[in-house]
Amino acid sequence: MNTVFRTLVKVLLSEKSSYKFALIVVIGLSFSISVILGTIGIMDGFEHSLKKQLKSSVGDLVFYSKNGFFELNDEIKTELEILNIQNYSKLIQTEGFLLKDEVSKGVLIKGVVPETFNKVTGMSFKFDQPGIYIGDELLNFLDAKINDEIVLALAGGNKDVGGMPTLHRFKILNTISHGIYQKDMRIIYLNLPDLQQLMGVNDMVNVVSANIPKQKISFEQNNSHYSDEVEDYQQRLYDRLGTQFSIRPFWYEFSSLIKAVKVEKTMISLILQLVVMISIFNVLAFIIYLNEKRSRELFLFKALGMSQANMNKAWLGMITIIWFLACLLSIVLVHIFNYILGNILSVPGDVYYLKSLSIALDIGDYSLVFIMTYIWIFTMAAMGLFKIRRQSILKGLRKEFA
């Protein structure tokens with residue numbers, strides 16, 4: 001059968017036009033598959049990148065008191081130790097205005113302890129002199145430079161929020177990049193003791209960032225599984241601290257956006273199946289074309305003893321080869337798309353949140369798209385073969401040799 005199959009394929013593709021047609025079908029089908037894979041991969045990559053940047057800017061969990069400022073006392077530390085949460089950092093988070101020349105911008109001010117905050121997030125700060133760190137996008141918005149001075153307007157403290165703001169002059173020590181445009185446009189960092197002194201809250205804070213214990217499967221290996229672990233610790237920490245505290249996972253701030261992306265991914269994937277169907281019509285046209293173009297040779301194979309069942313197997317074998325080659329080529333195209341997104345094409349951060357997009361796909365994504373494509377091809381090929389099967393050998397021979 002293998003020898004007969006190879007001979008049949010050589011006969012069918014013996015003409016240059018047939019070979020070119022087959023090549024066009026493979027390229028068209030592979031492009032359609034890569035479009036679907038690229039779309040799914042961009043949305044998965046967006047979620048993965050967004051969560052990764054959020055995790056690296058706040059840690060795994062944040063919790064705060066519903067009553068406002070509180071003291072990170074031994075009782076809270078004991079509850080954290082019971083859950084084996086060792087890496088945590090206290091901070092103050094408040095809002096204010098940043099002023100430079102005639103430009104003003106509402107900002108989110110964070111007072112951090114460099115040593116502990118670095119262990120939780122990996123972000124590095126060095127407050128060897130009074131000053132602030134600001135997002136790189138905010139620096140460009142203000143048309144400022146490192147070591148320039150700015151004026152920060154903030155409330156006097158937890159009890160004086162309704163009072164007049166106080167103005168303080170700071171030097172820009174350096175910039176920080178979160179990888180998320182909105183954060184880089186509105187977050188600034190101060191040394192925690194300096195901010196506590198300015199706000200008059202002594203040793204009190206209003207937010208604590210923490211990391212869950214090290215997991216067997218890291219975030220990079222499986223962000224979905226890691227997110228489930230974070231949610232588990234969120235509930236356990238809530239049970240330990242009580243109702244006076246709110247505990248949030250690192251993606252909570254953008255949770256609505258992440259849910260919307262998942263819904264859009266499903267809808268777009270269904271719609272893009274139409275693109276694959278259009279390409280599959282080319283496969284059907286290729287079958288009909290070869291049947292009409294090489295009908296004499298096909299009927300000769302039948303006349304020499306090749307059964308219709310073996311003929312159908314040969315057709316399906318050729319279709320499978322086309323599908324297989326298209327799948328391989330689509331993988332190459334996906335990598336090309338990913339390279340273009342990461343190195344050539346720049347996206348506006350104010351629209352796409354992230355400064356760059358990437359394609360993230362796993363074996364499950366490839367398998368689903370490839371299998372669905374083969375099902376469509378098999379269905380359409382069966383329709384084409386049904387038409388061929390209705391013609392008898394005698395009728396074909398009379399038509400070709402009349």
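Numbers here simply count residues along the sequence, with the first being 1. Just so you know, these numbers use all the heavy atoms, side chains as well, and skip hydrogens, waters and symmetry mates.
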Assess the side chains of [X] and [Y]: does a donor N or O sit below 3.5 Å from an acceptor N or O?
X    : Y    : answer
Q182 : D184 : no
H225 : S227 : no
S330 : S34  : no

Close side-chain approach of [X] to [Y], heavy-atom, < 4.5 Å:
X    : Y    : answer
S57  : I180 : no
I217 : Y226 : no
S209 : F250 : no
Y181 : E137 : yes
E231 : D228 : yes
R186 : E95  : yes
V205 : L91  : no
L61  : R248 : no

Stepwise side-chain hydrogen bond (donor to acceptor under 3.5 Å, both in side chains) test for Q234 and D232
CA-CA 5 Å; Q234 176 190 1; D232 178 60; over 6 Å; no
When you measure from the side chain of [X] to the backbone of [Y], do you find a donor-acceptor pair of N or O atoms at a distance under 3.5 Å?
X    : Y    : result
Q221 : S218 : yes
N343 : Y339 : yes
S56  : Q53  : yes
Q215 : P213 : yes
D101 : V103 : no
D60  : I212 : yes
N73  : E75  : yes
N206 : G68  : no

Work out which heavy atom in [X] is nearest to a heavy atom in [Y]; give both atom names and the distance.
X    : Y    : result
K145 : D148 : N-OD2, 2.9 Å
G38  : V334 : N-CG2, 4.5 Å
G59  : T121 : N-CG2, 3.7 Å
L154 : M199 : CD1-CG, 3.9 Å
A360 : D365 : O-OD2, 4.3 Å
I76  : E71  : CD1-O, 3.8 Å

So, taking the atom named [atom1] in [X] and the one named [atom2] in [Y], what distance separates them when rounded to the nearest 0.5 Å?
X    : Y    : atom1 : atom2 : value
Q93  : L108 : CD    : CG    : 4.5 Å
F127 : D194 : CZ    : CG    : 8.0 Å
Y374 : F324 : OH    : CZ    : 12.5 Å
R169 : I150 : CZ    : CD1   : 8.5 Å
N147 : L173 : CG    : CG    : 7.5 Å
T39  : I36  : OG1   : CD1   : 7.5 Å

How about [atom1] on [X], more than 12 heavy atoms from neighbouring residues, nucleotides or ligands closer than 6.0 Å, or not?
X    : atom1 : value
Q197 : CD    : no
W251 : CH2   : yes
Q129 : CD    : yes
K119 : NZ    : no
F21  : CZ    : yes
N202 : CG    : no
F31  : CZ    : no
K214 : NZ    : no

Let's go through T175 and Y133 carefully: what are the C-alpha distance in whole Å and the side-chain angles of both, what is the deciding distance for side-chain contact (heavy atoms from CB on, under 4.5 Å) to 0.1 Å, and is it a yes or a no?
CA-CA 5 Å; T175 61; Y133 281 70; over 6 Å; no
Consider side chain to side chain contact (heavy atoms under 4.5 Å, CB included). Of I40, L272, V276, which one does V35 pass it with?
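It is L272, the one option of I40, L272, V276 that forms the side chain to side chain contact (heavy atoms under 4.5 Å, CB included) with V35.
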Among L190, T166, L195, side chain to side chain contact (heavy atoms under 4.5 Å, CB included) partner for L152:
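By the side chain to side chain contact (heavy atoms under 4.5 Å, CB included) criterion, L152 pairs with just one of L190, T166, L195: L190.
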Determine, for R236 against E79, whether the closest basic-nitrogen to carboxylate-oxygen distance falls under 4.0 angstrom.
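Between E79 and R236 there is no salt bridge, as every charged N stays at least 4.0 Å from the carboxylate O atoms.
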Hey, mind stepping through Y353 and L257 against side-chain contact (heavy atoms from CB on, under 4.5 Å) and telling me if it holds?
CA-CA 10 Å; Y353 291 81; L257 176 63; 3.9 Å; yes
Using the rule given for side-chain contact (heavy atoms from CB on, under 4.5 Å), can you reason through L333 versus S30, listing the C-alpha separation, both sets of side-chain angles and the distance that settles it, and then say yes or no?
CA-CA 8 Å; L333 292 176; S30 65; 4.0 Å; yes
Apply salt bridge (charged side-chain N to carboxylate O under 4.0 Å, His left out) to residues K183 and E253 and explain how you reach the verdict.
CA-CA 11 Å; K183 286 183 172 289; E253 186 179 356; 3.1 Å; yes
Checking K52 against F219: charged group under 6.0 Å from the ring centre and within 45 degrees of the axis?
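So K52 doesn't make the cation-pi contact.
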Tell me whether the rings of Y366 and F370 are parallel (<30°), tilted (30 to 60°) or perpendicular (>60°).
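Geometry flag for F370 against Y366: tilted rings.
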Output, in order, the C-alpha distance, side-chain angles, deciding distance and verdict of ring-ring contact (aromatic ring centres under 6.0 Å, His included) for F245 and Y64.
CA-CA 6 Å; F245 284 93; Y64 57 89; 8.7 Å; no
Might you work through the side-chain contact (heavy atoms from CB on, under 4.5 Å) test for Y189 and M123, ending with a clear yes or no?
CA-CA 11 Å; Y189 294 90; M123 301 175 68; 3.6 Å; yes
Selection residues 40-49 - residue pairs positive for salt bridge (Lys or Arg N to Asp or Glu O under 4.0 Å), sequence neighbours left out:
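For residues 40-49: D44-K265, E47-K51, E47-K262.
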